Structure formats: structure tokens, C-alpha cells
Amino acid sequence: MALRFYNTLTQQVEPFSTRDNVVRMYSCGPTVYNFAHIGNFRSFVFPDMLRRWLRARGFTLNHVMNITDIDDKIIRNANAAGKSINEFTEVYTKAFLEDTAALRIERPEHITPATAHIPEMVEAVEQLTKAGHTYVSDGSVYYRIATFPGYGKLSHNDFSGIRAGARVDNDEYDKDDARDFVLWKAAKEGEPAWDTSIGNGRPGWHIECSAMAMKYLGEQLDIHTGGVDLTFPHHENEIAQAEGISGKQFVRFWLHAEHLSVESQKMSKSLGNIYTLRDIQEKGYTPEALRYLLGSVPYRKKLNFTFDGLKAAMTSIERLRNYELRLKTSHFPEGTNDALETRAQTAVKAFDEAMDDDLNTAEALAAVYEYVRDTNSAMDSGEFKAGNVAGALAFLARFDSIFDVLKPTVKAGSLSDAEVETLIAERTSAKKNKDFARADGIRKELLEQGVILEDTKEGVRWKRA
RNA sequence: GGCGCGGUAGCCAAGUGGUAAGGCAGAGGUCUGCAAAACCUUUAUUCGUCGGUUCGACUCCGAUCCGCGCCUCCA
């Protein structure tokens, strides 16, 4: 079966293709008012694995991610911290880029802040006005949803119960209809503002994504991703904006990542269970363990984050790394076992088919582990031959091109390889002289430096923790 | 109230109208100076509950219980 994804728009799994092999993809990025938490990272690991899989399937990517660096929360928090908006957002933008790099999330082709696109947003609002979709109230520009009949088609909400024209006054702004939303907010005392042709003010939250997506990707996108909570109203509003301007279908595939819970509870400040990558690392877990855990549960399924699960992820990665090390350092008998070559092909096929099936990473992992178990067994029994190494490593590489967890995160200030080798040589001679105390001493010393030794039939093997 | 999702072993979780993937943890074993790694065996007669359809359902239908998300800012 071909590559297919669940599309929120149609509520069905649909075959995926593009008209020219380029995937125009947009992902809603972070709002930089704080450090991103593990829940945020799930919705960024997802498009990363999606990108990698699309590339594995021969597509070229043109992927855009915004960084929301102007919004109510930012203004509030920056004021509370006594900082300018720029000073404030700079800190968290930098942290976001560092964290995503540590999690091996690839940089999209375009990752760029909202405030660098004020002219594009203003132009978008002007075009909406020209098309008759807006009105002005107290200096702010609003989208009049009554002019956009398709509203609700993404979130599958029926808005017929809400009477158009009903005055909603529980908002700080005056809207004509509960569904209407602000495109451009009139300047307020103590808030940043841009003096533009549509007034002195700042952009509403929704317009940035439409404006940036259309600037870099054109009027029609192949894929748009985001967290499930963004389906309504954010993505619904993006559709109203983009389609209100172009008159064309904005996005073909809407892919939404489910949320995660923490120890079966919703993340919340009061529960104190909002973890950042820094929190995770302080507890001794590696970024790649978090990446593995976040990626191991299919993206449309709620993921229950637990520290047991994170531990399990560490162990699982360790096993795969040991397997890779074994492939690279062991001496296998000459020749090629044809049955095992076929087994490798079967594994690749199973992995690919699982990924094609709406990115079923859990099943893809099962294909990996079944293959690892089978080949480990074959190595023990001597059936695995030197000629089978390449096929095994190729499969492992395919897995890692998506999951990207095999390479250890190297810590600064570690022993050099040469220093490690010297100590190992010393230990080997101590062992020959039956000076096990000295040998164990060296092993312990290296362990403290983050180097793990393993004695095998073919000599000492080592790796970094 | 509207829309939507989920309940599978100790934990995390795949899956299919034909008799339960995988990972982690646990137990026993092989190997080993010790350790590590690896491998083998073992761990759900059962898939929230109750009915129905069927030769046969965890998988389809109905009901029901429980948990969760969105409908306002939220990944």
C-alpha cells in the first residue's frame, strides 16, 4: 500500500501524493513566551519524522515553520519581567532552537519570526478587506465569518446554532459575531505597535501563519501540521484567511498531532508536571531518549509520558547501539547467508510499510526489533556471515534516518579516543597478568569518565555512555 | 449540550472477521575471572462491561460504564 495519511479535513486516511514531488508543508511553530515543554516537543518531533519519511520516499521538501514572537502572553510576560519584547523573545527563541537541535529536529527550509513579516500580514488583511471579508471596530480589523460559508469544515463544528449578528460582549474587543476574530489589533498603551496602512497596531494571532505560508509556499499547501488543539479556532481561521484571499483550497492534508499526558494526568502548572528538555536532562536522561519516546507512539494517539517510559527508551536505544557496535566490531565467518539477506529485505519492507501507514512508528519499531533479535540469534549460532553485515547496517541506517537516536550525545570534556585506547591496553596487560584488581580499577575509572568496556571473545569493545 | 478520541499483560503500546506484534520491567537458563553485551525459555485462554450478528469477534452492530480532548488561550 502506498504512502497515506489521516486527513483531519476529510476525517479519512488518504493516499498522499503531490503534483511535482515537492511537498509544500507548513508547521505551526512555538510561541516564545517560555521554554518549550515535552508536549510541545511531541508536536515538533512529529513533523520532523514526517519530513524525514517524505524524503525517504523521494519527495523534496519545502517546509516552513513560524516562530510566534508577538502575542498577548509574550507582552504580559515581558512586561512582568521588565524586559522589552525583543529581549524577552530572544531568550526563548534561542532556547527553542537549541532544544530542537538537541532533539535532532531538522531545521525546516524556512523558520522565521512573525515580526519579520508585518508587511505581508498587512497586505493579507488588505486583500481580505478588498474581498469584503472584514470590518473595523474600535480601530481593530475583524474577519466577518458570515462572509465565509465554509467555516467549520476542518473542525467539523456546526455553527448554525450561533446566530450571526448576535452581539458578544464577553470579549475585550467588540465583535459582531462570536465566530469573528481579530486580524489586526488597534494599538494600546504599553503594547508594541506598527504604524501601517491598516492602522497603528499589531497582528492578530491567526494571520501570521496564513501570510507566512502563502509567502513561502504559495496559495496551496500539500501538508499543514500542528497540535490537535490548534484545529479550532486557529487552523479554521487560517483557512478562512487564505481561502478568503485566494478562493482556492488552502491545504490538501491537515495532520494533527495528539497531546501527551504526564503520568496519566494533564500537564498543568498546579500539578507541577510541565517538563522542559532541560528538566529531563537534569534528571539524567538524554535528548535522544526523549526523542525516541515521543516518536515511538504513533502521532495520532495520546501518549502517556512517564519516567519509566523514558527509562525504557534509554534502555531500548542502548540495545540498538550495542547491536550496531556488534555489527561493526565482530568478526563474522566469510561468505553470505542468503536467507539472512532475504530476512533483511523483509525487515525493510515491514518497516517501510508501517511508516507508509500514516507513520505507524510503533509497528515500524517492531519490525526493527524482530530483525535485531533474529540476527543476534544468527550471530550467536554462527549463521550470520561477513557478507550479511552490509545489509544489516543498511537497515539500521534506514531506521536511524527517521528515528535518529543511535549517535550518542557527546559531552564536552570527555576523554579522547586515544586516551581511552591507552587505558584499555593497560587493562588488557593487567588482565593477562591476572591482576584483576588493577584491571577492574581501570574499568571503573573509565566508567566514571563515561566509557563502558565490554570484554568479548574478540577482545575489548568500548563505547561512550 | 455539540464534535471527536480512547479503554489490549506490571508499565508503554501494535494489530486483524479466523484465533493476541514489539519495547521495558520480572523470573529461570547459556556464556563469563568478575562485569557488560548477547541469546534462549517464561510472563494476556484474553483485548472495559453486557447483549446481538456470524461457523467463528478483540476486530462488525447496539447498549452501557470509565477516562480524555476541542467548542475561550493552549502543542
Side-chain angles (χ1 to χ4, degrees), chain A residues 8 11 27-31 33 36-47 71-73 76 152 155-162 168 170-171 178-179 181 205 225-234 236 256-261 263-268 292-293 296-298 300-323 325-326 330 350 354 357 360-381 431 434-437 439-440 443-444 447 452-457 460-463:
Chain A
T8 306
Q11 296 178 298
S27 298
C28 285
T31 299
Y33 68 99
H37 54 66
I38 55 176
N40 295 312
F41 289 129
R42 182 183 197 193
S43 52
F44 297 126
V45 167
F46 156 59
D71 94 320
D72 293 348
K73 250 183 293 203
R76 193 190 61 209
S155 54
H156 304 97
N157 278 323
D158 179 8
F159 292 98
S160 58
I162 301 174
V168 177
N170 59 351
D171 195 279
R179 301 173 303 172
F181 60 92
W205 173 37
T225 75
V228 275
D229 56 293
L230 296 182
T231 309
F232 186 87
H234 183 55
E236 201 73 73
H256 289 100
E258 249 302 344
H259 281 186
L260 62 73
S261 52
E263 308 281 355
S264 300
Q265 289 183 300
K266 190 180 176 174
M267 278 194 297
S268 74
Y292 180 98
L293 180 60
S296 65
V297 177
R300 282 202 293 131
K301 181 117 181 173
K302 288 188 187 76
L303 185 161
N304 184 24
F305 174 90
T306 64
F307 283 99
D308 279 350
L310 197 53
K311 234 173 273 170
M314 294 269 277
T315 311
S316 300
I317 292 171
E318 202 46 44
R319 185 172 155 206
L320 294 174
R321 286 178 181 168
N322 284 324
Y323 176 74
L325 196 62
R326 185 177 192 186
S330 295
D357 182 13
N360 190 338
T361 49
E363 205 171 329
L365 282 172
V368 172
Y369 286 106
E370 282 175 49
Y371 176 76
V372 168
R373 196 212 312 121
D374 288 354
T375 47
N376 262 325
S377 267
M379 288 179 209
D380 284 356
S381 68
K431 264 176 52 176
K434 302 260 190 239
D435 183 359
F436 293 121
D440 289 352
R443 186 167 65 192
K444 197 174 165 214
L447 184 62
I452 296 168
L453 299 194
E454 290 167 9
D455 293 329
T456 73
K457 283 178 191 136
V460 186
R461 194 162 81 173
W462 69 276
K463 64 191 178 189

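These figures come from a predicted structure and were not determined experimentally. Every chain is numbered from 1 and lettered A, B, ... according to where its sequence line falls, protein lines coming before strand lines.
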At 4.0 Å (heavy atoms only), tell me whether [X] reaches a base, stays on the sugar-phosphate, or touches nothing.
X        : value
A:Asn304 : sugar-phosphate
A:Ala312 : sugar-phosphate
A:Lys434 : nothing
A:His234 : nothing
A:Pro298 : sugar-phosphate
A:Lys311 : nothing
A:Gly309 : nothing
A:Met267 : base
A:Thr231 : nothing
A:Leu325 : nothing
A:Ala362 : base
A:Leu260 : base
A:Tyr33  : sugar-phosphate
A:Glu370 : sugar-phosphate

Side chain of [X] - closest among [options]:
X        : options                : value
A:Lys302 : B:rG4, B:rA21, B:rA75  : B:rG4
A:Arg326 : B:rC24, B:rA38, B:rA35 : B:rA38
A:Val297 : B:rA75, B:rU72, B:rA13 : B:rA13
A:Asn322 : B:rG22, B:rA36, B:rA38 : B:rA38

Problem - Base-pairing mate for B:rA57 - Watson-Crick or G-U, with both contacts under 3.5 Å - result: none
Handout entry: ring centroid sep under 5.5 Å plus plane angle under 30, A:His259 with B:rA75
Key = yes
Practice task
Measure the distance between the ring centre of A:Phe436 and the centre of the six-membered base ring of B:rG33, then answer whether it is under 5.5 Å with planes under 30°.
Solution key: yes
Pick the [atom1] atom in [N] and in [M], then give their distance to the nearest Å.
N      : M      : atom1 : result
B:rC11 : B:rU54 : P     : 37 Å
B:rA27 : B:rC70 : P     : 41 Å
B:rA44 : B:rG29 : C1'   : 24 Å
B:rA20 : B:rA36 : C1'   : 34 Å
B:rC61 : B:rC24 : P     : 36 Å
B:rU43 : B:rA21 : C1'   : 16 Å
B:rG69 : B:rC55 : P     : 43 Å

Exercise for the section: Hey, which sits more toward the 5' end of RNA chain B by its nearest nucleotide, A:Asp380 or A:Tyr369? Expected result: A:Tyr369
Practice task
Assign each of A:Arg443 and A:Tyr323 to its nearest nucleotide of RNA chain B by heavy atoms, then name whichever residue's nucleotide is nearer the 5' end.
Solution key: A:Arg443
Presence of [X] side-chain N/O under 4.0 Å of [N] phosphate oxygens OP1/OP2:
X        : N      : value
A:Ser377 : B:rC40 : yes
A:Lys301 : B:rG69 : no
A:Trp205 : B:rC74 : yes
A:Arg319 : B:rG23 : yes
A:Asn376 : B:rC39 : yes

Taking donor-acceptor contacts at under 3.5 Å, does the side chain of [X] reach the base of [N]?
X        : N      : answer
A:Asp455 : B:rC34 : yes
A:Asn360 : B:rG15 : no
A:Arg373 : B:rC39 : no

Practice task
Indicate whether the side chain of A:Thr225 and that of A:Ser27 have a donor and an acceptor atom separated by less than 3.5 Å.
Solution key: yes
Exercise for the section: Just do the side-chain hydrogen bond (donor to acceptor under 3.5 Å, both in side chains) check on A:Thr31 and A:Asp71 with the steps written out, would you? Expected result: CA-CA 8 Å; A:Thr31 299; A:Asp71 94 320; 4.9 Å; no
Problem - Name of the residue among A:Ile317, A:Thr306, A:Leu310 meeting side-chain contact (heavy atoms from CB on, under 4.5 Å) with A:Leu293 - result: A:Leu310
Exercise for the section: Start with the C-alpha gap between A:Glu454 and A:Arg461, add the side-chain angles, then the distance that decides, and say whether salt bridge (charged side-chain N to carboxylate O under 4.0 Å, His left out) holds. Expected result: CA-CA 5 Å; A:Glu454 290 167 9; A:Arg461 194 162 81 173; 2.8 Å; yes
Problem - Shortest non-hydrogen contact from A:Lys463 toward A:Glu318 - result: NZ-OE2, 3.1 Å
